[in-house]
Participant: 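Below are the structure tokens for one structure; questions will follow.
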There are 2 protein chains.
Amino acid sequence: MKGFREYVKKFGNIKEDTFTELKTNYTQIHLSKKELFSSEGEYARKVGFLEKGIIRAFIRNSEGKEYTKQFFFAPSIIGAYSSLLTNQPNKIIQETLTNCTIWIADYSKIEALYARHHEMERVGRKIAEYYYLEKERNLVEMALFDADKRYSLLKERFPTIESQVQQYHIASYLGISPTQLSRIRKKMQIS
Amino acid sequence: MKGFREYVKKFGNIKEDTFTELKTNYTQIHLSKKELFSSEGEYARKVGFLEKGIIRAFIRNSEGKEYTKQFFFAPSIIGAYSSLLTNQPNKIIQETLTNCTIWIADYSKIEALYARHHEMERVGRKIAEYYYLEKERNLVEMALFDADKRYSLLKERFPTIESQVQQYHIASYLGISPTQLSRIRKKMQIS
DNA sequence: TGACCGTCTTTACATATGTAAAGGAAAAAG
DNA sequence: CTTTTTCCTTTACATATGTAAAGACGGTCA
């Protein structure tokens with residue numbers, strides 16, 4: 001579980017024993033490019049730690065059109081978080097864009113750890129808060145900035161994204177058509 | 001603190017003693033219409049429980065244009081949540097749309113309670129998760145539905161909103177101009 | 001090498017929606 | 001009750017951006 005200890009530390013310190021206990025819940029899996037980590041309609045039960053690879057999260061509208069909502073670059077927590085929290089069928093599909101190394105655990109086991117260790121409950125709170133902040137930032141950026149600016153921000157945040165992710169996924173994430181992204185790219189290239 | 005006990009219960013049970021301790025941190029204030037609960041640039045220190053009234057949250061872009069991002073109808077928790085969590089200057093302004101009754105507390109005191117009582121930490125986690133879900137729902141709805149549909153959803157969620165909140169705030173929340181909302185309203189009226 | 005497939009770009013066109021401004025209705029002020 | 005202000009609607013117009021289709025380019029595989 002390369003990088004997991006440091007990743008968890010971002011959300012607060014936990015005792016070595018607690019971390020050891022946490023670790024025992026995880027098993028490694030590998031997914032190749034274009035496989036699904038979470039799919040539509042399922043009741044999510046697993047959380048994952050993305051050790052290596054890139055994943056995109058997207059939703060489909062009633063006509064089947066896809067809207068990419070998020071990119072995960074390792075190291076990152078992944079999983080159909082809202083389905084886990086609400087016990088409702090999952091709407092947000094997570095698909096690998098590269099081969100991935102992932103550690104998975106039953107969310108129920110993690111919840112049990114929350115109950116057993118106050119410090120783990122705290123980590124859970126910090127993670128939820130972190131996720132919240134990310135979503136709020138997205139909403140603010142969507143309202144405040146045009147697609148050009150959001151494109152710049154995305155590249156700042158993930159400098160390698162252009163070489164690793166298709167333009168049409170990026171366009172979808174930005175809320176514009178591939179045509180429009182192409183226009184923006186052309187414009188930026190000139191200036 | 002009318003309704004506070006029931007409101008907190010939504011996020012999990014806490015012992016009567018803990019709740020009593022929680023309550024002692026709150027004091028009541030009144031704000032009249034068009035006053036600010038949280039303003040731009042400040043470092044947020046307070047959380048609030050909105051007992052009575054309506055508040056809107058909005059951001060301003062560099063030209064001063066406002067974008068309403070959220071409505072709070074009592075009973076609700078209010079406060080510049082992301083500023084509290086990050087200790088960064090607040091960007092999300094909260095303004096009363098009616099006269100309001102609010103109970104406020106130092107967030108640092110609440111955090112101290114989190115540390116002291118595992119069950120309060122859990123409530124904190126549940127609240128963060130709830131907020132996260134709300135934001136994610138917003139993002140999904142923004143991507144999936146057109147303004148017409150989002151307008152219907154908003155009215156479902158807050159049936160009284162049309163009589164209590166100005167059209168231009170609603171338009172802003174929906175991400176469209178007042179002109180466009182007027183067009184939508186006209187269209188819906190006919191059909 | 002040549003054919004094919006996936007991806008990005010470009011063009012042409014249609015249209016939804018924003019902006020600006022004016023008129024009218026409703027609410028607030030006096 | 002009258003005046004003033006605020007808000008909503010409507011019109012006319014400009015334009016940004018989506019859709020559809022074709023072209024270009026590179027990589028892959030036979």
Side-chain angles (χ1 to χ4, degrees), chain A residues 32-35 54 56 58-68 71 95-99 141-152 154-155 158 160-191, chain B residues 32-35 54 56 58-68 71 95-99 141-152 154-155 158 160-191:
Chain A
S32 0
K33 193 173 170 173
K34 295 217 173 184
E35 286 195 271
I54 306 172
R56 77 174 176 119
F58 67 96
I59 43 180
R60 250 194 278 266
N61 72 7
S62 45
E63 280 100 45
K65 193 169 170 195
E66 297 180 356
Y67 296 86
T68 295
F71 297 109
E95 179 198 52
T96 58
L97 296 179
T98 64
N99 295 344
E141 288 178 358
M142 278 305 252
L144 235 43
F145 307 132
D146 58 19
D148 305 44
K149 183 71 188 291
R150 296 204 304 278
Y151 179 51
S152 308
L154 183 67
K155 285 195 295 183
F158 304 116
T160 61
I161 195 167
E162 283 204 280
S163 57
Q164 298 183 95
V165 176
Q166 287 98 322
Q167 296 293 331
Y168 56 85
H169 286 146
I170 296 177
S172 174
Y173 176 80
L174 296 172
I176 58 179
S177 65
T179 310
Q180 185 59 13
L181 179 55
S182 187
R183 284 194 273 246
I184 289 172
R185 282 160 59 81
K186 190 181 185 180
K187 196 172 62 184
M188 289 187 165
Q189 201 173 313
I190 294 166
S191 57
Chain B
S32 354
K33 194 172 171 173
K34 297 219 173 181
E35 285 195 270
I54 305 172
R56 76 174 176 117
F58 66 97
I59 43 181
R60 250 193 279 266
N61 72 5
S62 45
E63 281 100 43
K65 193 169 170 195
E66 298 180 356
Y67 297 85
T68 295
F71 296 109
E95 179 198 53
T96 58
L97 296 179
T98 63
N99 296 343
E141 288 178 358
M142 277 306 251
L144 236 43
F145 306 132
D146 59 17
D148 304 44
K149 182 74 189 290
R150 296 204 304 278
Y151 179 51
S152 306
L154 182 67
K155 286 195 295 182
F158 303 117
T160 60
I161 195 168
E162 283 205 279
S163 57
Q164 297 183 97
V165 175
Q166 287 98 322
Q167 296 293 328
Y168 57 86
H169 286 145
I170 296 177
S172 175
Y173 176 80
L174 296 173
I176 58 179
S177 63
T179 309
Q180 186 58 12
L181 178 55
S182 187
R183 284 194 271 246
I184 290 172
R185 283 160 56 81
K186 189 179 184 180
K187 196 172 61 184
M188 289 187 165
Q189 200 173 316
I190 293 165
S191 55

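Each chain gets a letter, A, B and so on, in the order its sequence line appears, and its residues count up from 1.
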Participant: For the pair made of CD in B/Gln164 and C1' in D/dC7, what is the distance, rounded to whole Å?
Facilitator: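 Spelled out: CD on B/Gln164 to C1' on D/dC7 is 17 Å.
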Participant: State whether A/Tyr168 places a side-chain N or O below 4.0 Å from either non-bridging phosphate oxygen (OP1 or OP2) of C/dT7.
Facilitator: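 Checking A/Tyr168 against C/dT7: at least one side-chain N or O falls below 4.0 Å of OP1 or OP2.
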Participant: Using the ring-ring contact (aromatic ring centres under 6.0 Å, His included) criterion, which residues pair with B/Phe71? Sequence neighbours excluded.
Facilitator: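 Applying ring-ring contact (aromatic ring centres under 6.0 Å, His included) to B/Phe71 gives B/Tyr173.
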Participant: Tell me, please, which residues at least two apart from A/Arg150 pass salt bridge (Lys or Arg N to Asp or Glu O under 4.0 Å).
Facilitator: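 With neighbours one apart ignored, the set is empty.
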Participant: Using atom CD of A/Gln166 as one end and atom P of C/dT9 as the other, report the distance to the nearest whole Å.
Facilitator: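 Computing the A/Gln166:CD to C/dT9:P distance gives 13 Å.
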Participant: Search all heavy atoms of A/Glu162 against all heavy atoms of A/Lys155 and return the closest pair with its distance.
Facilitator: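 Closest approach of A/Glu162 to A/Lys155, heavy atoms only: OE1-CD, 3.3 Å.
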Participant: Given atom NZ of A/Lys187 and atom P of C/dT9, what is their separation to the nearest angstrom?
Facilitator: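 A/Lys187 atom NZ is separated from C/dT9 atom P by 14 Å.
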Participant: To the nearest 10 degrees, what angle separates the axes at the start and end of the helix from C/dT1-D/dA30 to C/dA22-D/dT9, five pairs each?
Facilitator: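 For the helix from C/dT1-D/dA30 to C/dA22-D/dT9, the axes at either end differ by 30°.
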Participant: Can you name the residues that form a side chain to side chain contact (heavy atoms under 4.5 Å, CB included) with B/Lys33, not counting sequence neighbours?
Facilitator: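 In terms of side chain to side chain contact (heavy atoms under 4.5 Å, CB included), with neighbours along the sequence ignored, B/Lys33 is linked to B/Asn99.
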Participant: Looking only at side chains, do B/Ser177 and B/Gln180 share a donor and an acceptor under 3.5 Å apart?
Facilitator: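 On atom types as modelled, these side chains do not qualify, holding no pair under 3.5 Å.
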Participant: Please identify which of these residues, A/Lys186, A/Arg185, A/Lys187, meets the salt bridge (charged side-chain N to carboxylate O under 4.0 Å, His left out) condition with A/Asp148.
Facilitator: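 Testing A/Asp148 for a salt bridge (charged side-chain N to carboxylate O under 4.0 Å, His left out) against A/Lys186, A/Arg185, A/Lys187 leaves exactly one candidate, A/Lys187.
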Participant: Considering residues at least two apart in sequence or located in another chain, which fulfil the ring-ring contact (aromatic ring centres under 6.0 Å, His included) criterion with A/Phe158?
Facilitator: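 With sequence neighbours excluded, A/Phe158 shows a ring-ring contact (aromatic ring centres under 6.0 Å, His included) to A/Phe73, given in chain and number order.
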Participant: Rounded to the nearest Å, what distance is computed from the CD atom of residue B/Gln189 to the P atom of nucleotide D/dC8?
Facilitator: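 It is 14 Å, rounded to the nearest whole Å.
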Participant: Of the non-hydrogen atoms in B/Thr68 and B/His169, which two are nearest, and what is the gap between them?
Facilitator: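 Residues B/Thr68 and B/His169, closest heavy atoms: CB-O, 3.9 Å.
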Participant: Taking only N/O atoms, report every protein-nucleotides 13-24 of chain C pair under 3.5 Å with atom names and distance.
Facilitator:
residue : atom : partner  : partner atom : Å
C/dT17  : OP2  : B/Gln180 : NE2          : 3.0
C/dG18  : OP2  : B/Ser177 : N            : 3.3
C/dG18  : OP2  : B/Ser177 : OG           : 2.7
C/dG18  : N7   : B/Arg183 : NH2          : 2.9

Participant: Whole Å only: how far is the CD atom of A/Gln167 from the P atom of C/dT10?
Facilitator: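 Rounded to the whole Å, the gap is 12 Å.
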